[in-house]
Amino acid sequence: MTIAGLPTARGFAVGPVFVYRGDGEIPIPEYVVEPGREQEEMQRFRRAVAATQRDLEGLISVLKERTGRADVRVFECHLMILEDDVLQSEVARYIKEDRLNAEAAVRKTANGARAQFERMNDPYFRERVRDLDDIERRLLKALTGYNHNPHLELKKPSIVVADDLTPTETVQLPREYVLGFAMNGGSTTSHVALLARALALPAVCGLGDITSRVTAGQTILLDGTNGAVTINPDAETAAQFETLVRRQRELTAAAAGGAPAGTMKDGGEILICANVHPGVPVAGAKEYGARGIGLYRSEYLWLNAEREPSEDEQCEAYRNAARFAEKLSPGSVATIRLLDIGGDKLVRGISAKESNPFLGNRSIRYLLSHRQVMRTQLRAILRASAYGKVRIMYPMVSCVEELQESARVLEDVKMELSAAGVPFDRDLPVGAMIEVPSAALNAAEFARLVGFFSIGTNDLVQYTMAADRGNEAVAGLYQPLNPAVVKLVKMTIAAANERGIPVSVCGESAADPVVGVYWVALGVGELSMSATYIPVISKVLAGLTKEDLAEYAKVPDSLPPGSTAHDAFAACQAWLSAKLPELRDSLII
Ligand code: PEP
Ligand code: MG
């Protein structure tokens, strides 16, 4: 049986199924204990505190040994909070006076403390909320015996089949055992998709109820290029699949050895860079000719860790990014995007519960309301800039105030470093992502305030079309060539050109040969994408001249009134196929 889904990350895999079911909320009972049993409940609580203390002390000593330094402040602070008399007596009061069970008493105490911390003006205390979350979770785990770590059950190479995966769940999976992803939900720009692309693993999203159609251990064929999954294939289907696998391998191998990425037929050059998720190995960036890091998704430093990375750890990570960029191509730059948290990129303990997280306190908004996190990250990037070329990029900017305020914070941090004699690159470029419609509409104003733009089409399409990028039910509205999106992209490019600042596209549409080349035709000078997609786009660009691009840019405009985004895509695809017939029947266009 073959099930069709969305082609999410190119490539093919054959293997046994591993059905991933999430970690989720810890289910806790809440009840009133019988009169006279309060002491017993207190005993349970004390045992849970003791077990949590042991866990934390164990973790601290392992970390001290592993890192070779005493950078374990966060967990020492957790120990102190855990041992805090006020908190302990509050739990005891709920148990003894209200006769609540220990789990409910812990939750109520944590909720009360959280509310208090959140009300405080001091950002330091507001950020302690995440420490409380962590301690509460540990205590509840100890009380309920809840010990579910689904990623630990994956012990041999398998195709991960899941309803949906958060970025945190995805990064926790042991990479050596993941052959690919088949998902009920998700879409081409959901985060599991981006990670799959970064890891050069095939993925198919939007498969509906694949989790209930397969059983663990069953063999499936995963075709991420065409978006299909075959369950229990017969010999003929398996043989056809083998042919597809071989063709793709040959194609990528041939592309890897060609002209430098982004070189056009007439010698024109488009800068092609790689998108990088820290902590996730970058497959193919060097051999496919990436010339820098166009998007460093710094939030993965948070998603990958149990706790907030320290300034030193961040600085080290950004220095490594700069080193990596330099290795890709001498003099090239690593574009560090500030913490883009929120929406579906939730970090346990940091992210507040919001009823509409995609429109909530996320990205630059989060940073401006958590100044200490922002200042630490800016300090780390600036310090790293003394050792290699980096640029700063602000995520999800929607109004000029955010850019003005961010500039003030940056200036302040620079003064602080200067006063302390810490070296940094004083000319470090600062740019903005253009990924919400208001940013594109404000682009002329923004261009006065920053040194470069990078268009994030994943979010720009999501917010323009009001279509959740992770929801397969509205995946049909992921239309980068919708005239509304194209107008916003054109406005952004015009504003950048007017001020003479560079503009790139770092959303996944850059990797689609039809759409990515269209952005170039409209005047974008740089594309940044998952490295494994570079050979394909390079091959298409290598067959085109400047004049071809000028002609290509007009293709959607020449369609009759009433034409759809689908028509625009088909017309562009047909134009490219006619222009480059040798690529027509391959997997490229
Ligand atoms: C985008 O929105 O296009 C983008 C590149 O950022 P992310 O996918 O990380 O949200
Ligand atoms: Mg985005």
Side-chain angles (χ1 to χ4, degrees), residues 8-9 165-168 170-171 186-198 203 205 272-280 282 293-304 334-347 351 357-360 362-367 391 393-398 402 431-440 452-471 475 477-482 485 488-489 492 503-512 515-516 519 524 526-531 533:
T8 302
L165 288 171
T166 65
T168 311
T170 316
V171 295
S187 71
T188 23
T189 53
S190 58
H191 291 284
V192 63
L194 306 188
L195 277 169
R197 288 174 174 217
C205 281
I272 309 275
C273 293
N275 290 351
V276 168
H277 299 79
V280 177
V282 191
I293 299 176
L295 169 63
Y296 180 92
R297 289 186 162 102
S298 71
E299 55 278 7
Y300 278 79
L301 293 173
W302 277 252
L303 293 169
N304 259 329
T335 308
I336 313 289
R337 177 174 71 184
L338 293 199
L339 177 62
D340 184 27
I341 197 178
D344 56 349
K345 287 182 232 173
L346 301 178
V347 178
S351 311
F358 278 104
L359 304 183
R362 55 173 310 194
S363 311
I364 195 72
R365 305 166 188 184
Y366 176 90
L367 290 167
R391 341 188 259 185
M393 182 155 76
Y394 297 129
M396 296 285 305
V397 188
S398 59
E402 287 164 344
M433 290 214 50
I434 303 294
E435 50 183 346
V436 295
S438 67
F452 67 93
F453 285 158
S454 188
I455 306 174
T457 48
N458 303 337
D459 278 314
L460 187 62
V461 175
Q462 154 166 270
Y463 288 117
T464 306
M465 305 300 293
D468 180 349
R469 63 192 267 185
N471 182 346
L477 288 171
Y478 172 71
Q479 298 181 347
L481 293 190
N482 186 288
V485 178
L488 294 172
V489 171
T492 307
V503 56
S504 71
V505 173
C506 63
E508 283 312 295
S509 69
D512 182 310
V515 185
W519 301 144
V524 158
E526 175 188 332
L527 298 174
S528 191
M529 64 192 71
S530 313
Y533 281 66

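Both counts, for ligands and for their atoms, begin at 1 and track the order of listing. Nothing here was measured: the structure is a model prediction, and the numbers come from that model.
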Please give the N or O to N or O pairs under 3.5 Å between ligand 1 and the protein, distances rounded to 0.1 Å.
residue	atom	partner	partner atom	Å
ligand 1	2 (O)	Glu435	OE1	3.0
ligand 1	2 (O)	Asp459	N	3.0
ligand 1	2 (O)	Asp459	OD2	2.9
ligand 1	3 (O)	Gly456	O	3.3
ligand 1	3 (O)	Thr457	N	3.1
ligand 1	3 (O)	Asn458	N	2.8
ligand 1	3 (O)	Asn458	ND2	3.3
ligand 1	6 (O)	Arg337	NH1	2.9
ligand 1	8 (O)	Arg297	NH2	2.9
ligand 1	8 (O)	Asn458	ND2	2.9
ligand 1	8 (O)	Arg469	NH2	2.7
ligand 1	9 (O)	Arg297	NE	2.7
ligand 1	9 (O)	Arg297	NH2	3.4
ligand 1	9 (O)	Arg337	NH1	3.2
ligand 1	9 (O)	Arg337	NH2	2.8
ligand 1	9 (O)	Lys345	NZ	3.0
ligand 1	10 (O)	Asp459	OD2	3.0
ligand 1	10 (O)	Arg469	NH1	2.9

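- For Arg337, the salt bridge (charged side-chain N to carboxylate O under 4.0 Å, His left out) partners are Glu299, Asp340, not counting sequence neighbours.
- Put simply, the side chain of Arg362 never gets that close to the backbone of Pro357: no donor and acceptor are under 3.5 Å apart.
- Atoms CG and CE, on Leu460 and Met433 in that order, are 9.5 Å from each other to the nearest 0.5 Å.
- When atom types are taken as modelled, the side chain of Arg197 and the backbone of Thr8 share a donor-acceptor pair closer than 3.5 angstrom.
- The closest donor-acceptor contact from the side chain of Ser398 to the backbone of Ser438 lies at 3.5 Å or more, if one exists at all.
- With waters neither drawn nor counted, the protein N/O/S atoms under 2.8 Å from the Mg ion (ligand 2) amount to 2.
- Between Leu527 atom CG and Tyr533 atom OH the span is 15.0 Å, to the nearest 0.5 Å.
- Remark: Tyr296 pairs with Tyr318 by the ring pair (Phe, Tyr, Trp, His ring centres under 6.0 Å) rule, at least two apart or across chains.
- Remark: the backbone N or O of Ile293 is paired with a side-chain donor or acceptor of Thr335 at under 3.5 angstrom.
- Rounding to the nearest 0.5 Å places OG of Ser528 at 9.0 Å from CD of Glu508.
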